[in-house]
Chemist: 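This is the structure I want to talk about, given as structure tokens.
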Amino acid sequence: MRPRIAVTGIGARCSVASNAQELSEALRTGRRGLVPLEDPRLSTLRATHAGLIGEIAPFEDDRDRVRGLDRNVHLALAAMRESLDNAGIDEPLGPHGAVVFGTCSGGMLTIESHYEALVAGRDPVDEDLLFSKRYYTTAKVLAWAAGASGPVLSVVTACAAGAGAIAQAADLIRTGMARRVVAGGSDVFAGSTLVGFDALKATTEGLCAPFSNPIGLNLGEGAAFLVLERFEDAAARGAKILAEVLGSGLSNDAYHPTAPDPSARGQLAAMGAALSDAGITP
């Protein structure tokens, strides 16, 4: 029999919320989190606003080496720890615990800083800098913080990375490779990332309006994580079941480097696969 997968914890950080409960309230009340961009280096772009978060205070128990890592790591740590606390888990995940982390740009602020140093004629390369630049770094730190010694994976599929991480986590549980998984993603606001989206003409002038005008998006920064576990395990420990993961689907248009297939066959394929995986019909 196919295992049921329960969602027992959630954590979030974004421009309108410092935790998942505040995010829920912000969605219900329509609170806006976009602010004008003040960096003069970005003044020539179409994009004028972004969803920014203030200072992220490191946790007291973080090792000194973690404190110096990219902002992306600390944003992810905050959201992941909230999800574990929300799930009522205060012990290491252990050998049956796993971490799946999704991101678009990873440690881009560290990469930008290194590039600026190179342009200025300096090359401050050391092991800490190289570790902080890697896309897999955050997943490794999350595994250390959660005490997870099972599979540790990074999903780097741009805007679909967070959803892909949840799908991968569910697969780990269904295949017996893990019994409990922390899955989610994080990204920070970086000028080079915004330039890339702006060059693709994906950004909007002013404030975005989903499914309306103006067309386009505003970038921001944030992190969100879920705790997934075998349903019977969650029920046995008396955990509150927030949701179940029924199925997922993954596809690639293979149509154009940036533009979607106008026939929407990629989206249809992914949704059809998710319905099939869940064993339900439209």
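In this chain, residues are counted from 1 in sequence order.
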Chemist: Please report the interatomic distance OG(S192) to CG(L109), rounded to the nearest 0.5 Å.
Modeler: 8.0 Å
Chemist: Could you list the residues that satisfy salt bridge (charged side-chain N to carboxylate O under 4.0 Å, His left out) with R134, not counting sequence neighbours?
Modeler: none
Chemist: Can you find a pair of side-chain heavy atoms, one from L129 and one from T110, that are under 4.5 Å apart?
Modeler: yes
Chemist: Check whether any side-chain heavy atom of E205 lies under 4.5 Å from a side-chain heavy atom of P214, and answer yes or no.
Modeler: no
Chemist: Sort and list the pairs that fulfil side chain to side chain donor-acceptor pair (under 3.5 Å) and have at least one residue in residues 243-253, not counting sequence neighbours.
Modeler: R4-E244
Chemist: Hey, are the side chains of I173 and V245 touching, using non-hydrogen atoms and a 4.5 Å cut-off?
Modeler: no
Chemist: Are side-chain heavy atoms of L142 and L77 found at a separation under 4.5 Å?
Modeler: yes
Chemist: Hey, could you give me each pair passing side chain to side chain donor-acceptor pair (under 3.5 Å) that has a residue in residues 92-107? Not counting sequence neighbours.
Modeler: T103-D187, S105-T193
Chemist: Are V152 and M177 grouped together when hydrophobic residues (ILVMFWY) are joined by side-chain heavy atoms under 4.5 angstrom apart?
Modeler: no
Chemist: Are any side-chain N or O atoms of S186 and backbone N or O atoms of A223, one a donor and one an acceptor, separated by less than 3.5 Å?
Modeler: no
Chemist: Just by distance, do the side chain of S276 and the backbone of A273 share a donor-acceptor pair under 3.5 Å?
Modeler: no
Chemist: Rounded to the nearest 0.5 Å, how far apart are CD of Q21 and CD of E25?
Modeler: 4.5 Å
Chemist: Would you confirm whether R13, through its side chain, and G222, through its main-chain N or O, come within 3.5 Å as a donor-acceptor pair?
Modeler: no
Chemist: Hey, are the side chains of D70 and K133 touching, using non-hydrogen atoms and a 4.5 Å cut-off?
Modeler: no
Chemist: State which residues pass salt bridge (charged side-chain N to carboxylate O under 4.0 Å, His left out) with R2; sequence neighbours excluded, sorted by chain then number.
Modeler: D277
Chemist: Cluster partners of L37, using ILVMFWY side-chain heavy atoms under 4.5 angstrom, listed by chain and number?
Modeler: V35, L42, L45, L52, F189, L194, V195, F197, L217, L219
Chemist: With ILVMFWY side chains joined below 4.5 Å, transitively, what does Y115's cluster contain besides itself?
Modeler: V119
Chemist: Out of curiosity, does V73 fall in the hydrophobic cluster containing M80 (side-chain heavy atoms, cut-off under 4.5 Å, transitive links)?
Modeler: yes
Chemist: If you measure from CG on L69 to CG on D128, what distance do you get to the nearest 0.5 Å?
Modeler: 7.5 Å
Chemist: Taking side chain to side chain contact (heavy atoms under 4.5 Å, CB included) as the definition, give me every residue that meets it alongside K140, ordered by chain and number, with sequence neighbours left out.
Modeler: F131, Y136
Chemist: Please list all pairs meeting side chain to side chain donor-acceptor pair (under 3.5 Å) that have one or both residues in residues 158-173, counting only residues at least two apart or in different chains.
Modeler: none
Chemist: Between D198 and T203, does any side-chain donor sit less than 3.5 Å from a side-chain acceptor?
Modeler: yes
Chemist: On a heavy-atom basis, which atom in Y135 and which in G106 lie closest, and how many Å separate them?
Modeler: CE2-N, 3.8 Å
Chemist: Would V66 and V99 show up in the same hydrophobic cluster when neighbours are defined by side-chain heavy atoms closer than 4.5 Å?
Modeler: yes
Chemist: Give me the other members of the hydrophobic cluster that L250 sits in, counting Ile, Leu, Val, Met, Phe, Trp and Tyr linked by side-chain heavy atoms under 4.5 Å, directly or via other members.
Modeler: none
Chemist: Closer than 4.0 angstrom, basic N to acidic O: yes or no for E91 and R237?
Modeler: no
Chemist: Look up atom SG in C14 and atom CG in L27, then write down how far apart they are to the nearest 0.5 Å.
Modeler: 8.0 Å
Chemist: Quick check: does any side chain N or O of N86 sit under 3.5 Å from a backbone N or O of I10, one acting as donor and the other as acceptor?
Modeler: yes
Chemist: Can you name the closest pair of heavy atoms from V181 and A178 and give their distance?
Modeler: CG2-CB, 3.8 Å
Chemist: Between the side chain of S154 and the main-chain N/O of F101, is any donor-acceptor distance below 3.5 Å?
Modeler: no
Chemist: Could you grab the distance from atom CG of L268 to atom CE of M271, nearest 0.5 Å is fine?
Modeler: 5.0 Å
Chemist: Which Ile, Leu, Val, Met, Phe, Trp or Tyr residues join I280 in one cluster when any pair of side-chain heavy atoms under 4.5 Å counts as a link?
Modeler: L275
Chemist: Within the distance-only criterion (no hydrogens, no angle test), does the side chain of H49 pair as donor or acceptor with the backbone N or O of G33 below 3.5 angstrom?
Modeler: no
Chemist: Any idea which heavy atoms bring A165 and G102 closest together, and the distance?
Modeler: CB-N, 4.0 Å
Chemist: Who are the salt bridge (charged side-chain N to carboxylate O under 4.0 Å, His left out) partners of R230, not counting sequence neighbours?
Modeler: E232, D233
Chemist: Please tell me if the side chains of V227 and R180 come closer than 4.5 Å, counting only heavy atoms from C-beta onward.
Modeler: yes
Chemist: So which atom in A183 and which in A169 form the shortest heavy-atom distance, rounded to 0.1 Å?
Modeler: CB-CB, 3.6 Å
Chemist: For the residue pair E82 and A20, what are the closest heavy atoms and their distance?
Modeler: OE2-N, 2.8 Å
Chemist: For the side-chain contact (heavy atoms from CB on, under 4.5 Å) test, which of L172, L228, I166 pairs with I5?
Modeler: L228
Chemist: Keeping S15 on the side-chain end and I53 on the backbone end, is there a donor-acceptor pair under 3.5 Å?
Modeler: no
Chemist: What are the two closest heavy atoms between V156 and C104, and how far apart are they?
Modeler: CG1-O, 4.2 Å
Chemist: Out of curiosity, I215 CD1 to T204 OG1, how far, rounded to the nearest 0.5 Å?
Modeler: 8.5 Å
Chemist: Indicate if V188 and V155 have the same hydrophobic cluster label, given that clusters are the connected sets of ILVMFWY residues with side-chain heavy-atom separations under 4.5 angstrom.
Modeler: no
Chemist: Indicate yes or no for a side-chain donor-acceptor contact from S43 to the backbone of P40 under 3.5 Å, with no hydrogens or angles considered.
Modeler: yes
Chemist: Please determine whether residues L93 and L226 belong to a single hydrophobic cluster, defined as Ile, Leu, Val, Met, Phe, Trp and Tyr linked transitively by side-chain heavy-atom distances below 4.5 Å.
Modeler: no
Chemist: With sequence neighbours left out, which residue pairs that include part of residues 215-228 fulfil the side chain to side chain donor-acceptor pair (under 3.5 Å) condition?
Modeler: R71-E221
